[in-house]
There are 2 protein chains.
Amino acid sequence: MGAPLPRDPIADARRNWELHGWGEVAAPMAAITAIMRTQQILMARIEDVLKPLGLTFSRYEMLALLSFARTGALPMSKASALLQVHPTSVTNAVDRLETAGYVERTRHPTDGRTTLIELTADGRALTEKATAALNAEVFGRSGFTSVDVEDLLRILSDFRRQAGDFA
Amino acid sequence: MGAPLPRDPIADARRNWELHGWGEVAAPMAAITAIMRTQQILMARIEDVLKPLGLTFSRYEMLALLSFARTGALPMSKASALLQVHPTSVTNAVDRLETAGYVERTRHPTDGRTTLIELTADGRALTEKATAALNAEVFGRSGFTSVDVEDLLRILSDFRRQAGDFA
DNA sequence: TATTGTTATACTCTATAACTATA
DNA sequence: TATAGTTATAGAGTATAACAATA
């Protein structure tokens with residue numbers, strides 16, 4: 001959506017913050033802005049890969065989650081917790097995936113309140129295709145060095161633990 | 001949106017990927033997933049701070065950009081390029097900010113095609129208030145150590161340069 | 001009473017295409 | 001012809017509140 005800028009806008013912003021009396025928080029502000037921008041770039045790449053397959057990222061996330069489930073089925077509430085999204089977002093995503101024939105709703109055997117979501121054969125095939133495409137075109141060519149990847153994983157793992165993501 | 005998980009789901013996914021024949025890309029996949037999740041956490045914090053001020057993040061970004069402009073005014077097209085968003089998104093954001101009285105559209109002195117955006121006094125005051133709140137409640141308490149912040153800035157700067165963000 | 005999930009509704013942001021006005 | 005910006009329209013995800021069914 002445009003040519004490269006002549007200078008790094010985030011480095012500029014950091015200097016600007018320091019000049020305006022925010023020296024204390026200039027560096028973390030810049031780091032957080034860089035995370036936002038990096039996420040934006042990566043999301044665009046992922047969406048470019050998924051679009052030809054008729055998937056959005058959030059729907060792919062749902063399919064990938066189901067493909068990992070040992071029994072092949074997951075309660076809506078568990079999907080909501082694991083994907084960190086609102087229950088209505090799960091309902092919405094499952095509605096569309098079900099219409100497309102990639103998942104099916106089934107009743108929970110013992111708890112009548114619970115709806116289980118299950119991959120269909122089509123859904124499983126599509127998930128495998130999408131995963132292979134993402135691995136080849138995004139994760140396999142991320143541009144991060146191996147060392148940087150490990151540093152990122154440690155730093156972001158510390159952050160997520162501290163943020164209450166896991167124990 | 002739920003209690004902490006007992007285990008790190010991203011570390012689990014990395015192991016799972018390795019077990020399913022994707023060992024080559026398991027680490028970058030995990031790192032990218034961690035970036036996505038970190039962005040989600042940070043965005044939620046930022047929105048919590050901005051919501052009481054009646055601002056969304058994208059509208060705050062627009063105000064902050066204008067507050068840095070030397071002349072105090074910026075063409076729509078320049079805002080679109082610097083914020084890396086579609087021109088229609090700029091039109092939308094400026095429409096709402098103008099209705100709220102925080103920015104004004106003015107004509108470019110020499111190019112009749114160009115619309116300039118300018119902060120009002122109210123807009124500048126709100127921007128300063130929002131910036132102070134974000135610095136105090138988000139950037140000043142990010143949870144990243146100083147060393148991690150510098151590592152993040154270097155790694156993500158390399159990535160963004162490679163992705164064509166700047167020269 | 002509490003929990004699970006759905007529905008209705010609304011509000012973001014984003015994108016495409018068609019259009020006007022100006023260069 | 002090309003550029004800047006707007007409009008109309010559509011789609012995505014997310015959220016709140018009210019509700020039904022079940023525990």
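Proteins come first, then strands; the chains are lettered A, B, ... in the order of their sequence lines, and each starts at number 1. The figures here come from the full heavy-atom set of this structure, side chains too, leaving out hydrogens, waters and symmetry mates.
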(request) Apply salt bridge (Lys or Arg N to Asp or Glu O under 4.0 Å) to the pair A/R154 and A/E150, showing each step before the final yes or no. (result) CA-CA 6 Å; A/R154 185 196 54 73; A/E150 296 305 328; over 6 Å; no

(message) As a test of understanding, state which of A/V90, A/L97, A/N92 forms a side-chain contact (heavy atoms from CB on, under 4.5 Å) with A/V94.
(response) A/V90

What integer distance in Å separates [X]:[atom1] from [N]:[atom2]?
{"X": "A/R96", "N": "D/dG13", "atom1": "CZ", "atom2": "P", "value": "6 Å"}
{"X": "A/Q39", "N": "C/dC13", "atom1": "CD", "atom2": "P", "value": "15 Å"}
{"X": "B/D48", "N": "D/dT14", "atom1": "CG", "atom2": "P", "value": "16 Å"}
{"X": "A/L116", "N": "C/dG5", "atom1": "CG", "atom2": "P", "value": "8 Å"}
{"X": "A/L83", "N": "D/dA15", "atom1": "CG", "atom2": "P", "value": "13 Å"}
{"X": "A/H108", "N": "C/dT3", "atom1": "NE2", "atom2": "P", "value": "17 Å"}
{"X": "B/L74", "N": "D/dA4", "atom1": "CG", "atom2": "C1'", "value": "14 Å"}
{"X": "B/D95", "N": "C/dT14", "atom1": "CG", "atom2": "P", "value": "14 Å"}

Whether [Y] and [X] form a salt bridge (side-chain N of Lys/Arg under 4.0 Å from carboxylate O of Asp/Glu) is what I want to check.
{"X": "A/E61", "Y": "B/R37", "value": "no"}
{"X": "B/D158", "Y": "B/R161", "value": "yes"}
{"X": "A/R141", "Y": "A/E137", "value": "no"}
{"X": "B/D8", "Y": "B/R15", "value": "no"}

(request) Tell me which of A/D111 and B/T88 sits closer to the 5' end of DNA chain C, going by the nucleotide each one is nearest to. (result) A/D111

(request) Would you kindly compare A/N92 and B/T91 by the position of their nearest DNA chain D nucleotide and give the one closer to the 5′ end? (result) B/T91

(message) Taking the nucleotide of DNA chain D with the nearest heavy atom to each, does A/T110 or B/Q40 sit closer to the 5' end?
(response) B/Q40

(request) Indicate the ring-plane relationship of A/F159 and B/F144, choosing parallel, tilted or perpendicular according to the 30° and 60° boundaries. (result) parallel

Does [X] have a side-chain nitrogen or oxygen under 4.0 Å from the phosphate oxygens OP1 or OP2 of [N]?
{"X": "A/H86", "N": "D/dT16", "result": "yes"}
{"X": "A/R105", "N": "C/dT6", "result": "yes"}
{"X": "A/R113", "N": "C/dA2", "result": "no"}
{"X": "B/S89", "N": "C/dC13", "result": "no"}

(request) Using the test side-chain hydrogen bond (donor to acceptor under 3.5 Å, both in side chains), find all partners of A/E128 that sit at least two apart in sequence or belong to another chain. (result) none

(message) Between D/dA4 and B/S77, counting only base atoms on the nucleotide and side-chain atoms on the residue, is there a donor-acceptor pair under 3.5 Å?
(response) no

(message) Determine whether a donor-acceptor pair (one donor, one acceptor, N or O, separation below 3.5 Å) exists between the side chain of B/T115 and the base of D/dA4.
(response) no

(request) Identify, residue by residue, the members of residues 55-65 of chain A with a heavy atom below 4.0 Å from DNA chain D, and return them in order of residue number, or none. (result) A/T56, A/S58, A/R59

(request) Counting heavy atoms from C-beta on, name the nucleotide in D/dG5, D/dA17, C/dG5 closest to the side chain of B/P75. (result) D/dG5

(request) Looking at every strand, decide which applies to B/R107 at a 4.0 Å heavy-atom threshold: base, sugar-phosphate, or nothing. (result) nothing

